[in-house]
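Working notes, structure below.
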Amino acid sequence: MERNDVRMNKAKIGFIGCGTHATNNLYPMLAYTRAELVAVCDLDEQLAHRNAALYGASSVYTDAGRMLDEQQLDGVIIVGPSAVHYSLGMQALTRGIAVFTEKPPAPRLAQAEEMVAVARAGGTFLMTGYMKRHGLPYKKARQLIDSGLFEPAVGHFKYGHWGNDNLNEMLLTMSSHIIDLAISFFGEPIGVTSTIYETGRTISLAAVLHFRSGQWAQLTLDSSQPRIQERVELSGSIDGDNALIVVDNVQQMELHRQGHHGIDLLKPELYEIEPTFDLADIQMWRPDYGIPNMGQTRHFVQGFAGELREFVDAIIERRQPYPGTDDVLKAMRVIDAIAARPNGYSDLQP
C-alpha cells in the first residue's frame with residue numbers, strides 16, 4: 001500500500017480504542033498536531049461513532065484489520081489492554097504503518113521484541129506512550145543536562161499509586177513510566193538490584209538501576225497509596241558546585257544551587273549570630289493555571305500533547321520519534337528482570 005507523500009501537510013491517522021483514557025487524554029491532543037484523524041475503531045460501535053463525531057473522523061470501524069486495509073494510513077494509535085497493543089500493533093507494522101501504543105507495548109518482553117523486529121524490517125517505527133519524557137518539567141530538566149549546565153550524579157525516583165497485588169502487572173501498567181523516565185536521564189542500565197515487600201493486597205519495591213558510567217538511580221515503587229504520587233530528585237553539580245533538581249508530581253520543578261548553604265556560622269559571641277534566610281540559590285518553575293494559557297494545560301504539562309505531536313512529526317519528517325523503536329525494549333528488560341527475580345541482582349547486559 002502506498003503511503004501518503006512525505007511532503008504532506010498532515011499525516012493520516014487511524015485511532016483504535018475509545019476508552020476513558022484515550023478519549024480524555026489523547027484524542028483531544030490530536031488538535032495540537034499535524035494529524036488528520038480519518039478513522040476510529042472500537043469493538044463498541046456506539047463509542048466509535050461518538051469519538052468520530054467528537055474529533056472529526058469520517059470513518060468508523062469495529063474491525064481493526066478492515067480499517068488498516070481500507071484506509072491509507074500513515075500512522076495508527078492503539079490504546080487498550082497490552083495484548084491488544086501487541087496483536088493489532090503487529091498487524092499495522094506488517095503493513096508498514098507507523099505505530100503508537102500506550103505502555104506497555106506488549107504483555108511480554110519476547111512479544112515486544114517481535115514488534116521491534118517487524119518495525120525495523122518494514123522500514124517503519126514503533127513508539128511507546130512514555131509521555132513523561134514529554135512532560136514540561138522533565139523536558140526542562142533534560143535541557144539543563146543536555147546544555148551541559150547541570151551534570152547529574154545520581155537520581156531518586158519515587159512513584160506510588162493505588163493498590164495492586166500482581167508484581168508483573170504493576171510494573172507493566174504503572175511503574176514502567178518511572179522506569180523509562182530514569183532511563184531517559186541516565187541511559188540503558190546494565191543491571192538492577194531490587195527488594196520487595198508484599199502485604200497480599202499491595203506491593204512495595206525498592207530498586208537500584210546500575211549504569212555503565214557508574215551512576216545509579218534509586219526507584220521506590222509502591223502500590224499502597226490512595227492516588228498517584230511522584231517525586232524525582234537528580235543530584236549533581238553546576239560549575240563544580242553541588243546542585244539539585246526536584247520535580248514534584250510533574251507540576252513543579254526546582255533547581256537548587258549550592259550558593260549560600262544556609263548554615264548560621266558560629267561567632268565569637270552568641271549575641272553576634274544572625275539567622276540566615278537566603279533563597280537566592282533556588283529557582284522554581286510551575287505552570288500558571290491562573291490565566292488561560294493554552295500551552296500550560298495539564299495535557300501539555302504531563303506530556304500527552306507532546307508525545308502525540310512527536311509521533312505525528314516523526315511520520316511527516318520520516319525519522320525515528322522520541323522515544324523511538326530502539327527505546328521500546330529498555331524498560332521492558334528491566335521489568336522482565338525484576339519480575340523474574342524481585343529480590344537480588346539481575347544482569348541486564350546482552
Side-chain angles (χ1 to χ4, degrees), residues 3-4 6 8-42 47-48 50-52 54-59 64 67-68 71 73-80 82 84-85 88-89 92-93 97-105 115 119 124-140 142 176-177 180-181 184 250 287 293-325 327-328 331:
R3 299 272 77 78
N4 294 291
V6 72
M8 60 192 164
N9 292 322
K10 292 195 172 185
K12 294 185 181 299
I13 301 296
F15 204 125
I16 300 173
C18 297
T20 300
H21 168 60
T23 302
N24 289 343
N25 296 319
L26 296 179
Y27 276 94
M29 296 303 99
L30 289 173
Y32 298 97
T33 74
R34 293 184 285 171
E36 178 187 355
L37 181 63
V38 298
V40 170
C41 179
D42 195 278
L47 293 181
R50 179 199 67 187
N51 280 24
L54 284 172
Y55 301 109
S58 57
S59 299
M67 181 187 80
L68 296 173
Q71 298 289 330
L73 300 176
D74 301 301
V76 63
I77 299 169
I78 306 172
V79 183
S82 59
V84 172
H85 297 165
L88 298 185
L93 292 169
I97 302 172
V99 171
F100 172 99
T101 74
E102 255 303 346
K103 50 80 184 131
M115 298 175 78
T124 186
F125 67 77
L126 171 64
M127 180 179 178
T128 305
Y130 293 127
M131 88 286 189
K132 292 188 185 299
R133 291 192 183 218
H134 295 277
L136 296 188
Y138 295 128
K139 285 182 68 175
K140 181 61 178 177
R142 193 170 295 105
S176 56
H177 269 311
D180 176 76
L181 186 64
S184 77
V250 208
N293 187 337
M294 292 182 68
Q296 293 188 33
T297 66
R298 73 168 183 86
H299 290 100
F300 273 94
V301 173
Q302 293 177 322
F304 294 114
E307 66 178 355
L308 288 193
R309 181 176 285 177
E310 174 67 7
F311 174 63
V312 174
D313 284 352
I315 292 172
I316 293 173
E317 296 163 14
R318 284 193 172 180
R319 60 172 174 81
Q320 281 287 326
Y322 175 81
T325 307
D327 299 301
V328 169

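Numbering starts at 1 and runs along the sequence shown.
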*asked:* Quick check against the 3.5 Å criterion: does Gln320 have a side-chain atom that pairs as donor or acceptor with the backbone of Thr325?
replied: yes
*side-chain hydrogen bond (donor to acceptor under 3.5 Å, both in side chains) involving Ser58 - partner list, sequence neighbours excluded*: none
*If you look only at pairs with a residue in residues 126-137, which of them pass as a salt bridge (charged side-chain N to carboxylate O under 4.0 Å, His left out), with sequence neighbours excluded?*
Lys132-Glu230, Arg133-Asp180
_What I want to check is whether the side chains of Asp327 and Thr128 have a donor and an acceptor closer together than 3.5 Å._
no
*Which pair of heavy atoms, one from Ile16 and one from Leu88, lies closest together, and at what distance?*
CG2-CD1, 3.7 Å
*Give a yes or no on whether the backbone of Ala98 and the side-chain of Thr124 come within a donor-acceptor separation of less than 3.5 Å.*
yes
*How long is the gap from CD1 on Ile13 to CD on Glu36, to the nearest 0.5 Å?*
9.5 Å
*With side chains defined as the heavy atoms from C-beta onward, is the minimum distance between Pro323 and Val328 less than 4.5 Å?*
no
_So, using side-chain hydrogen bond (donor to acceptor under 3.5 Å, both in side chains) as the criterion, who are the partners of Thr297 when residues are at least two apart?_
none
*Criterion side-chain contact (heavy atoms from CB on, under 4.5 Å) on Ile77 and Leu30, from CA distance to verdict*: CA-CA 11 Å; Ile77 299 169; Leu30 289 173; 4.0 Å; yes
*Which atom pair, heavy atoms only, marks the closest approach of Leu93 to Met115?*
CD1-O, 3.6 Å
*Distance-minimising heavy-atom pair for Cys41 and Cys18*: O-SG, 4.2 Å
*asked:* Ser184: which residues meet the side-chain hydrogen bond (donor to acceptor under 3.5 Å, both in side chains) condition with it, sequence neighbours left out?
replied: Arg142
_With sequence neighbours excluded, residues passing ring pair (Phe, Tyr, Trp, His ring centres under 6.0 Å) with Tyr27_ = Phe15, Tyr55
*Which heavy atom of Gln71 sits nearest a heavy atom of Ser59, and at what distance?*
NE2-OG, 3.2 Å
_For Arg319, give me all partners under salt bridge (charged side-chain N to carboxylate O under 4.0 Å, His left out), at least two apart in sequence or on another chain._
Glu310, Glu317
*How would you list, by chain and number, every residue that makes a side-chain contact (heavy atoms from CB on, under 4.5 Å) with Ala305, sequence neighbours excluded?*
Met29, Phe300
*List for me each residue that meets side-chain contact (heavy atoms from CB on, under 4.5 Å) alongside Ser176, sequence neighbours excluded, and say none if there are none.*
Lys103, Tyr130, Ile335
*Which atoms form the tightest heavy-atom contact between Ala22 and Pro28, and what is the distance?*
O-CD, 4.2 Å
_Criterion side chain to side chain contact (heavy atoms under 4.5 Å, CB included) against Val79, the qualifying member of Thr23, Thr101, Leu26_ = Leu26
*Considering non-hydrogen atoms only, spot the tightest contact between Ala11 and Val312 and give its length.*
CB-CG1, 4.1 Å
*Can you sort out the partners of Phe125 under ring pair (Phe, Tyr, Trp, His ring centres under 6.0 Å), two or more places apart, ordered by chain and number?*
Phe311
*Name all residues meeting the salt bridge (charged side-chain N to carboxylate O under 4.0 Å, His left out) criterion together with Asp42; count only those two or more places apart in sequence or in a different chain, and write none if there are none.*
none
*For His134, what residues pass the ring pair (Phe, Tyr, Trp, His ring centres under 6.0 Å) criterion, not counting sequence neighbours?*
Tyr322
*Might you work through the side-chain contact (heavy atoms from CB on, under 4.5 Å) test for Asn25 and His299, ending with a clear yes or no?*
CA-CA 7 Å; Asn25 296 319; His299 290 100; 3.4 Å; yes
*What residues, two or more places apart in sequence or in another chain, satisfy side-chain hydrogen bond (donor to acceptor under 3.5 Å, both in side chains) together with Asn24?*
none
*Before giving the answer on side-chain contact (heavy atoms from CB on, under 4.5 Å), spell out for Phe100 and Leu308 the whole-Å C-alpha distance, their side-chain angles and the decisive distance to 0.1 Å.*
CA-CA 8 Å; Phe100 172 99; Leu308 288 193; 4.0 Å; yes
*Once you round to the nearest 0.5 Å, how far does CG of Leu73 lie from NZ of Lys12?*
9.5 Å
_Reported CD-to-CD distance for the pair Glu307 and Gln302, which is rounded to 0.5 angstrom_ = 10.5 Å
*Measure the CD1-OG1 distance between Ile316 and Thr33 for me, rounded to the nearest 0.5 Å.*
7.5 Å
